[in-house]
Number of protein chains: 2
Amino acid sequence: MVKDVRKIKTERDIQQALLTLLTQKTVRQITVADICQTSLTSRSTFYAHYIDKYDLLENMVAVHTTMFAQQVHVRFMQMIDGQIDELVQGLLADMADKRPAIQILFTIHEDHADLQANFRSLLLKEWQRFIAPYGNAMQVPADLMATMGTNVQMTVLEWTLAHGDVSNAAVADAIDTIRKAVLLQIQPATN
Amino acid sequence: MVKDVRKIKTERDIQQALLTLLTQKTVRQITVADICQTSLTSRSTFYAHYIDKYDLLENMVAVHTTMFAQQVHVRFMQMIDGQIDELVQGLLADMADKRPAIQILFTIHEDHADLQANFRSLLLKEWQRFIAPYGNAMQVPADLMATMGTNVQMTVLEWTLAHGDVSNAAVADAIDTIRKAVLLQIQPATN
DNA sequence: GACAAAGTGTTCGAAAACCAACGTTTAATT
DNA sequence: AATTAAACGTTGGTTTTCGAACACTTTGTC
């Protein structure tokens with residue numbers, strides 16, 4: 001079953017409209033009429049695709065979450081010690097075209113639509129899987145270090161989303177220092 | 001008679017598609033099927049709006065030409081001696097959102113679709129109107145100076161289209177030198 | 001509490017776009 | 001010159017979108 005192009009275009013326009021409006025108003029302030037006006041679609045068409053504006057928002061967050069989940073999983077599998085930050089850099093490269101959307105959605109924190117929280121949750125899960133084998137030998141609680149690692153990566157991710165790249169030497173240094181500290185806690189023998 | 005939004009959207013998509021394709025292929029190499037594929041419209045719909053791809057192109061060129069004509073006319077009226085380059089800067093500011101489109105169309109030179117030539121022609125006409133009063137007193141042919149002035153402005157216009165702004169001091173200096181030379185020919189008494 | 005204004009969600013006939021199919025034209029190959 | 005493939009332009013039935021209308025809920029005001 002192939003989707004009619006009109007559906008694809010309508011949904012694309014509606015989603016883009018919501019992103020645009022989110023840079024101007026809060027979710028609550030945005031009306032369905034606003035979205036339709038901006039996207040050049042009629043309200044009846046909107047309701048043919050989404051239950052309401054929250055359904056639209058949750059849908060968009062879900063799509064990006066799924067994409068991130070798949071990528072983060074694949075990349076973590078390929079990960080070698082000491083290249084954890086490269087994971088985030090690689091992810092950012094893959095998401096290049098979605099950057100504006102992700103950047104906007106990161107500012108939205110609704111009950112069932114919180115992309116930032118989803119990303120953090122996915123990264124945390126992978127960190128926990130990564131740390132698990134070392135768990136017993138560690139001096140520091142595994143969950144704590146997993147959270148630390150996650151937060152460092154989220155920081156890199158958000159900084160890069162906002163500034164385009166981690167070209168700033170000072171920032172790169174700061175992150176690297178923290179990264180090494182975190183890894184040292186996990187693998188005291190190596191390095 | 002208000003246009004149906006679907007028509008607006010379809011034409012917007014088709015036009016955007018052509019612009020995109022023009023960055024990859026020549027007009028001749030681009031097929032109607034290409035345009036439809038890129039714009040997510042069906043071929044039957046394309047033919048409901050345009051006779052063929054050249055009709056589409058001419059249409060787009062005509063729109064930008066008309067817009068430029070109106071702006072250049074209004075601004076030339078407000079023009080004061082020595083602020084001729086500000087005209088181009090002002091025009092560029094007004095056309096900010098259309099910059100990518102204009103930039104691409106400037107590279108296309110078809111028989112009845114040559115935006116660059118149209119712009120040059122419009123500027124030249126205004127220069128001729130501007131110079132006319134000084135005509136008899138000038139040491140240099142009026143038409144020559146009009147052409148010179150036009151060329152300088154076209155250069156600024158194209159450079160700014162390509163590089164975003166005339167922030168480069170060297171470029172700004174070079175242009176200013178030429179501008180003054182041109183104006184000096186026209187108004188030997190003033191300055 | 002009455003009221004107006006604005007937003008919500010639904011319905012339905014008309015208009016537009018889709019898409020697959022078709023025969024025709026064009027251009028390249030042999 | 002014959003053949004083939006690709007692009008052209010047209011057609012008609014199907015799907016989607018539009019737009020206006022409707023009743024209903026929410027919000028803020030007098």
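The structure presented is a predicted model; accordingly, all values stated were derived computationally and were not measured. Every chain is numbered from 1 and lettered A, B, ... according to where its sequence line falls, protein lines coming before strand lines.
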### Message
Regarding A:L40, tell me which of base, sugar-phosphate or nothing describes its non-hydrogen contacts under 4.0 Å with the strands shown.
### Response
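It contacts sugar-phosphate atoms only.
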### Message
Heavy atoms only, 4.0 Å cut-off, all strands: where does B:S44 land among base, sugar-phosphate and nothing?
### Response
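Base contact.
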Can you tell me if [X] touches the phosphate of [N], counting only side-chain N or O atoms and a distance under 4.0 Å to OP1 or OP2?
X: A:S42; N: D:dC18; result: yes
X: B:T31; N: D:dA7; result: no
X: B:H49; N: C:dA17; result: yes
X: A:K9; N: C:dA17; result: no

Distance in angstrom units between [X] [atom1] and [N] [atom2], rounded:
X: A:I30; N: C:dT8; atom1: CD1; atom2: C1'; value: 16 Å
X: A:R28; N: C:dG7; atom1: CZ; atom2: C1'; value: 14 Å
X: A:D4; N: D:dC18; atom1: CG; atom2: P; value: 13 Å
X: B:R12; N: C:dA16; atom1: CZ; atom2: C1'; value: 15 Å
X: B:D52; N: D:dT10; atom1: CG; atom2: P; value: 10 Å
X: A:L56; N: C:dG9; atom1: CG; atom2: P; value: 13 Å
X: A:D13; N: C:dA17; atom1: CG; atom2: P; value: 13 Å
X: A:K7; N: D:dC18; atom1: NZ; atom2: P; value: 14 Å

### Message
Assuming nearest nucleotide by heavy-atom distance, tell me which of A:I51 and B:A48 is located more 5' along DNA chain C.
### Response
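The answer here is A:I51.
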### 5'-most by nearest nucleotide on DNA chain C - B:I8 or A:R43
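So the residue in question is A:R43.
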By nearest atom, which of the nucleotides [options] is closest to the [X] side chain?
X: A:Y47; options: D:dC18, C:dG9, C:dC18; answer: C:dG9
X: B:R6; options: D:dT17, D:dC8, C:dT8; answer: D:dT17
X: A:V32; options: D:dC8, D:dT16, C:dT8; answer: C:dT8

### Task
Establish, from distance only, whether the side-chain atoms of B:E158 and B:Q116 form a donor-acceptor pair under 3.5 Å.
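Yes, a side-chain donor-acceptor pair sits under 3.5 Å.
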#### Entry: Pair A:T31, A:D34: side-chain N/O donor-acceptor within cut-off below 3.5 Å
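A:D34 and A:T31 do have a side-chain donor-acceptor pair below 3.5 Å.
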### Task
Only one of B:N118, B:I102, B:L115, B:L123 passes side-chain contact (heavy atoms from CB on, under 4.5 Å) with B:F68; say which it is.
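One option only clears the test, and that one is B:L123.
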### Task
Quick one: sort the B:F46 and B:Y50 rings into parallel, tilted or perpendicular, breaks at 30° and 60°.
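Answer is tilted, since the angle falls between 30° and 60°.
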### Query
Same hydrophobic cluster for B:Y47 and B:L57, using side-chain heavy-atom links shorter than 4.5 Å among ILVMFWY?
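Linked within one cluster.
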